[in-house]
Amino acid sequence: MKVLVINAGSSSLKYQLLDTNTQEVLAKGLCERIGIDGKFTYKAPGKPTVDAADVSMPTHAEAIQAVLTALVNPNGGVIASMKEIDAVGHRVVHGGETFACSVKIDDKVMAALEENVPLAPLHNPANITGIKACIAVMGPDVPQVGVFDTAFHQTMPPVAYTYALPYEYYEQDKVRRYGFHGTSHRYVTQRAADMLGKPIESLKLISCHLGNGSSIAAVCGGKSVDTSMGFTPLAGLPMGTRSGDIDAGVMEYLMNKHGMDIKEMLNVLNKKSGVQGVSGVSSDFRDLCSARDAGNKRAELALDMFSYGVKKYIGAYAAAMGGVDAIIFTAGVGENDAQQRMDIASGLEFMGVKMDADANNIRGKEAIISAIDSKVKVLLIPTNEELMIALDTAELAK
Ligand code: AMP
C-alpha cells in the first residue's frame, strides 16, 4: 500500500509517502511558513530535489495540494496519479483518554478530536487542520487515519498516571499523566524484541527517546507502564529548551519577583530552559559538546544534568518493573551522541549494565552496544515514527 504520512503543525506540514509493503520512503519533504510566504521542499531518491521559496500556501489545503502536485509531477514525481495514494496517516499529538490506539477518522472521531483540543491547545488544532485539508483536497473516499502520541501510554496503571492533586481534577478535568512520543517508544520497543529474538510479551524494556524533546518509557510485556512526560510534554527530563520537572512553587516565586504573568512564565519553562537555559550556549547537543570540550563549565553542567536525569529514570523504571532486560537509545541525541550514552550507562554496572566502548562508537544504525556478557542489553535503534504511522494506517485502511 502507498500511504501518505502527514505531521501538521500550525504553520508547517511534514510529509512522507511510503510503500508499506517494502517499507521504502518514496518521497518526503516539508511545507513551511504556511499562511506567511510559503516554503516547499521535496526529496525523492534519484529525482531532482525541489527547494522553493514564495510558494502560495495561504492555508494547509494549498500545502497539501503542493505536496500532491509534486508527487505526481512527471519530472520528479513518484506516482502517476493521486489515486495511487491508498490512505493518509496523520500524527495527532493528544488523544486524551479517548484514543488508546490508532483510528480511522470519521465524523465521530473528528468530534472527539475537537473535544481533546483543550488538552493540547497548541498542537491538536493544527493536526485537525491537516486532516480537514486532506479530506478537502483528496475527497472523502481516501481513508484518513489518526495516530496519537499519547495512545501507547494509555496502558499505564492509575498508580503511574495519577497526580497527587485533589481527585476531582482528574475526574472532572482529566488532569493526569498522558505521556508523549508513544509512536516512537512503540516502534523501538518492537524493534528491540526483534533484535533480541524474544517475544515482546516476555521483555522488560526501558526506552530512552533523547532528542530536542526527551522522554523515557518503561515498557513491560510490550505495554507502557510509566513514562517521564506528563499532562504536557514539559515534564520529566531537562530537554533542549524545556525545563522538565521543577518544583511548582518556583513559578509563583519567579512570577512575583520578575512581574511575569503565567504566559511569560510558561514561555520561560518551554522555550528558555533545559540545556539551553543552564548552559546559555545552545539547545543543540553538538554545540554543547564543543563548548564543553573548549572548557565551558555551564555547558558541561547542562550535559551532566541531562545524563544524570536519564540515569535516574533508568534506575526508577527498573525498580518499577522489578528488573530490566534491555535499555534502548533513540532520537537525535540517543542515536548520535556516543558520549551521552556512555555517561548515562556508566555507574549502572551494579544493575547489570556493561557497555562495549567499541560497539558504542556508532551513529544512527541499529546495534547492540553493550558487552557480550552484559546482563542488561543496551541497544541503539533509530526511531521511525513515520513508518509506524504508515503501518497502522495501512492496517486500518485495509
Ligand atoms: P530530534 O529532536 O530527535 O531531531 O533530535 C535533535 C537533537 O539531536 C539536536 O538538538 C541535537 O542536539 C542532537 N544531535 C543530532 N546529531 C547529533 C550528534 N552528532 N551529536 C550529538 N547530538 C546530536
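All figures in this text were calculated on a predicted structure; none of them were measured in a lab. Computed over heavy atoms, backbone and side chain alike; hydrogens, waters and symmetry mates excluded. Counting starts at 1 for both ligands and their atoms, in listed order. Index from 1, following the sequence.
Contact annotation for atom 19 (N) of ligand 1: protein present (non-hydrogen atoms, distance under 4.0 Å).
Where the criterion is an N or O separation shorter than 3.5 Å, residue side chain and backbone included, D284 meets it with respect to ligand 1. Residue D337 places no N or O, backbone or side chain, under 3.5 Å from any N or O of ligand 1. In terms of polar-atom proximity, G332 is counted as a contact of ligand 1, with an N or O under 3.5 Å from an N or O of the ligand.
When ring centroids are compared, F306 and F285 come within the 6.0 Å threshold. Aromatic ring centres of H94 and F180: separated by under 6.0 Å.
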Which is it for D194 and Q190 under the side-chain hydrogen bond (donor to acceptor under 3.5 Å, both in side chains) test, yes or no, and what are the steps along the way? CA-CA 6 Å; D194 288 348; Q190 285 179 5; over 6 Å; no
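With respect to atom 12 (O) of ligand 1, the closest heavy atom belonging to the protein is F285 N, 2.5 Å. The protein heavy-atom contact nearest to atom 15 (C) of ligand 1 is R286 CZ, 3.6 Å.
Between E335 and ligand 1 there is no heavy-atom distance shorter than 4.0 Å.
The residues D51 and K39 are annotated as salt-bridged, a charged nitrogen and a carboxylate oxygen being separated by less than 4.0 angstrom.
Between F40 and Y42, the ring-plane angle classifies as parallel under the 30° and 60° cut-offs.
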